[in-house]
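The structure under discussion appears below in the form of structure tokens.
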Number of protein chains: 2
Amino acid sequence: MAETREHRSHDERRRQLVDASVAVMTEQGVAAVTTRAVTARAGLPHGSFHYCFDSKADLFCAILEQELGRSIVAAFEPPATPVDPEERIAAGLRARLDQVIARPDYFLALAELSVLSHRDAELGRLARWEQAEYLREVTRNLDEWSRADGLEWSAPTPGVAALLIALSDGIAASWLVERNDAAAHESIRLAAASVSSLVSTSSTSITSPTTTTTPGGAS
Amino acid sequence: MAETREHRSHDERRRQLVDASVAVMTEQGVAAVTTRAVTARAGLPHGSFHYCFDSKADLFCAILEQELGRSIVAAFEPPATPVDPEERIAAGLRARLDQVIARPDYFLALAELSVLSHRDAELGRLARWEQAEYLREVTRNLDEWSRADGLEWSAPTPGVAALLIALSDGIAASWLVERNDAAAHESIRLAAASVSSLVSTSSTSITSPTTTTTPGGAS
DNA sequence: GTCTATACGTGGATAGAC
DNA sequence: GTCTATCCACGTATAGAC
């Protein structure tokens, strides 16, 4: 450990600079993310930048990798507590919207970075990969939840997952320009009502008969 | 008229530069839209830029105004030929996707410009206004179409229109990163099936009984 | 291995020539 | 009114000092 201390410093610098970049990006937009601004924000000398990153594109790769990966972790996460499909879908969509509402500037910056990534080959690959990963994750959670509650979809779940992603993205994007909470929540309500028409509760659900016996709070 | 000839030249220059900007933006991204690149593209001297625009932000305003306005014109346009709700919704969503597929780089640039606009107060106002205008247009067309076919929605049409916009935006955005035609069309299929569950054909539709008599090709 | 000083290119905006 | 030459600020990247 004592010998690797110098190397560890190098990796820590990278993380430090990435975090500083995210801060600048969030507050002032992607255009404001310059090597000078980032290093100044991190309290490091300007020269340290090209000591940690090959180029600015390299930095953006690191940012995209870290932040998009972070977004994936809690995507349409499983059961929570078994509720009817419509409410479950609404909850999933609402979770994402709530994140955006809580940190609008951050997600605005992320959106900026996403569209920007398509201009660069390397960044584009990364963005596509993350998107695919995200779809897999949502599909996985959707499957898990459907199996647990004994639900069947009138279409393959990857397709349903893609639809849910498009919906949450679209609603979030719309909120970002309008900042209209009521309208966004109405969209979610309608979306949940719509999408739930694709699901049919199969008769195999043994655990939950006509009346669900959920111990605890039942509203 | 003879007296205003000089002024007309000025306005024509503006349009000329805006068009050049859109071209550059489409081919190389918003970041490449510099005063020099734009004037060069337009075949004009660099100095002519600040002769037509107060600043670069002023140019972006003009671009946003022109291009977003252009997007609105054909938004979920009315009847076409009366078909069932699900097919009609799918057609509306498909129309937008087809536009994006036909000119991906253009819409990518437009997306770039949209997210970028939120960093500037003036541009933000413009983007919001255009978005509201777009919602009004879709709602208007939705109302018209529904009335013509005697349809009733289980929710106010502005809410439905907002959902449709979010859907088409989300699906288009998803396509822009994946470039997966099949997946996008599957999303549209599912979306149309979902949303059509919100509509109930009222008994007032006299023109179209159980079997529609459409002259011409009936596949 | 860590940081400073600097080179080099570019962009936005302007003053002044035609 | 139209265009040229130029200014100044900033951004990336590097060579070399500590």
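Chain identifiers are assigned alphabetically (A, B, ...) following the order of the sequence lines, protein sequences preceding nucleic acid strands; residue numbering begins at 1 within each chain.
- Atom-to-atom, CG of A:L17 to P of D:dT12 comes out at 13 Å; the value is rounded to the nearest Å.
- The CG atom of A:D11 sits 16 Å away from the C1' atom of C:dT2 (whole-angstrom rounding).
- Taking side-chain N and O atoms only, A:R13 has a distance below 4.0 Å to OP1 or OP2 of C:dC3.
- Contact annotation: B:T35 reaches the phosphate of C:dG12 (side-chain N/O to OP1 or OP2, under 4.0 Å).
- Below the 3.5 angstrom threshold, one finds no donor paired with an acceptor across the side chain of A:H50 and the base of D:dA15.
- When the P atom of D:dT2 is taken as reference, atom CZ of B:F49 falls 17 Å away, rounded to whole Å.
- Side chains of B:E67 and B:Y106 form a contact here, defined as non-hydrogen atoms less than 4.5 Å apart.
- Taking atom CZ on A:F53 and atom P on D:dG11, their separation rounds to 18 Å, with Å as the unit.
- Atom-to-atom, CG of A:L59 to C1' of D:dA13 comes out at 14 Å; the value is rounded to the nearest Å.
- Side chain of A:E112 to main chain of A:V30: a donor-acceptor pair is present (N/O by atom type, distance under 3.5 Å, no hydrogens or angles).
- Taking the charged nitrogens against the carboxylate oxygens, A:E87 and A:R94 do have a contact shorter than 4.0 Å, which makes a salt bridge.
- Nearest-nucleotide positions on DNA chain C place A:P45 closer to the 5' end than the other of A:P45 and B:T34.
- We find that NE2 of B:H46 is positioned 14 Å from P of D:dC3, with the value rounded to whole Å.
- Across the protein-nucleic acid pair, A:Y51 atom OH and D:dT14 atom C1' stand 15 Å apart, rounded to whole Å.
- Across the protein-nucleic acid pair, B:L44 atom CG and D:dC3 atom P stand 7 Å apart, rounded to whole Å.
- Remark: the B:R36 side chain and the C:dT10 base include no donor-acceptor N/O pair separated by less than 3.5 Å.
- The main-chain N or O of B:V83 is never found under 3.5 Å from a side-chain atom of B:R88 such that the two would form a donor-acceptor pair.
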